[in-house]
Amino acid sequence: MVSHNGAIGGIDLGGTKIQAAVVDARHEVLGQARRETPASGGPDAIVAEMAAALGEASDAAGIETDSLLGVGVGSPGTVDAPAGTVAQASNLSEWSKPFPLSQRLEEALGTRVALGNDVQVAVDAEFALGAARHHDSVLGVFWGTGVGGGLVLDGKPWLGRGAGAEFGHMVVEQGGARCPCGRRGCVEAYAGRGAMEDRARKLAGKGRETVLFEIMEERGRTRLRSGIWSRALDRDDELAHELMGRAVEALGAGIASAVNLLDIGAVVIGGGLGTRLGEPYVKKISKAMRPHLFVDDRPPEVSLAALGDLGGAIGATLLIAR
Ligand SMILES: [Zn+2]
């Protein structure tokens, strides 16, 4: 085995996939692995798969997991980092009560484990190593099934009293569309892939023509994943363009409102849809912000997340590096 002093593991725990990476002290990726998140079996099954993914990434790096400096985890749900627990992870199987994730992973991997919020660690990675590395402050917008947010202000992650930076629930239309959170008019009610799929199903059910569900079946999927939206847009599907247009307008209004409040110089767009749709959509979002910016002669720099799919796992390693 090659010796890598100071190698660190990182795991990005998502609703559909578990991404693991092992990096060296300079944040270079030495090995990585990706597995499906078990849809049943609860936290026990998920922990086993997380440990297997990290083991695979470590094998690829030529390192035993117990000789890693530690493993950071970016998790959805309510993360209590000092206690090492995760609760209320509603996208994960049977995961509502606080579960001792740190302790269970430490037992499986033989090294220390630190927990962080999934979106915040991805934003930290973009701030430290990615698209916002030349800025003091950044708003990260993670555009996927939901719309997540993360904030770094003057070099410090900003979580408020613990639940800050919930960008997806900025209100862009009073009394507007119903959001998965139960409220109305949030950014996520228009831009979340889950909410967009619900609306697409409803409109298709009323007879609107669309290739979205044809493509979904061709690809053997049951949900409208990011790649399906992207293919439908490429095929000039009118409904896909209409819903995506609504999403872009909501993101633009929400981001501009956040910029009006904070006057930050950098916005980074990531997440499954953000990464998939790429630069052309970053430009569309940036354009949609303009009419809402109070100080419109120096708009913030809006960029695509530079670390892509690995950003969450690399960001999780920073929990140990700090
Ligand atoms: Zn909401």
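Fair warning: this is a prediction, and the values are worked out from it, not measured in the lab.
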Sequence-distant partners of F99, ring pair (Phe, Tyr, Trp, His ring centres under 6.0 Å), two or more places apart = W95
In terms of hydrophobic clusters joined by side-chain contacts under 4.5 Å, are M50 and V29 together?
-> no
N-O pairing of D44 and R104 below 4.0 Å = yes
In this structure, CD1 of I255 is separated from CG of L139 (nearest 0.5 Å) by 6.5 Å
Using the side chain to side chain donor-acceptor pair (under 3.5 Å) rule, collect all pairs that involve residues 155-171, keeping only residues at least two apart or in two chains.
-> none
Does the distance from a Lys or Arg side-chain N to an Asp or Glu carboxylate O, for D309 and R34, drop under 4.0 Å?
-> yes
How about D154: does its CG atom have over 12 heavy atoms from other parts shown lying under 6.0 Å from it?
-> no
Rounding to 0.5 Å, atoms OG (S286) and CD (E301) come to a distance of 10.0 Å
Is E107 atom CD crowded by more than 12 heavy atoms from other residues, nucleotides or ligands, each under 6.0 Å away?
-> yes
Derivation of the side chain to side chain contact (heavy atoms under 4.5 Å, CB included) call for V268 and V123 | CA-CA 8 Å; V268 173; V123 174; over 6 Å; no
Given side chains that start at C-beta, do those of L212 and I228 come closer than 4.5 Å, heavy atoms only?
-> yes
Could you list all the salt bridge (Lys or Arg N to Asp or Glu O under 4.0 Å) pairs where at least one residue sits in residues 243-270, not counting sequence neighbours?
-> D263-R298
Pairwise distance OG1(T37) to CD1(I46) - rounded to 0.5 angstrom = 7.0 Å
Residues two or more places apart in sequence or in another chain: which of them pass side chain to side chain donor-acceptor pair (under 3.5 Å) with D80?
-> none
Has E36 got more than 12 heavy atoms of other residues, nucleotides or ligands less than 6.0 Å from its CD?
-> no
Test side-chain contact (heavy atoms from CB on, under 4.5 Å) applied to V172 - qualifying residues, sequence neighbours left out = V187, Y190, A250, A253
Flag if over 12 foreign heavy atoms under 6.0 Å of CZ, R183 | no
Exceeds 12 heavy-atom contacts within 6.0 angstrom, atom CZ of R184 = yes
Sorted by chain and number, sequence neighbours left out, side chain to side chain donor-acceptor pair (under 3.5 Å) with E56 holds for R35
Give the intermediate values and the outcome of salt bridge (Lys or Arg N to Asp or Glu O under 4.0 Å) for residues R193 and E197.
-> CA-CA 6 Å; R193 197 178 50 206; E197 175 173 338; over 6 Å; no
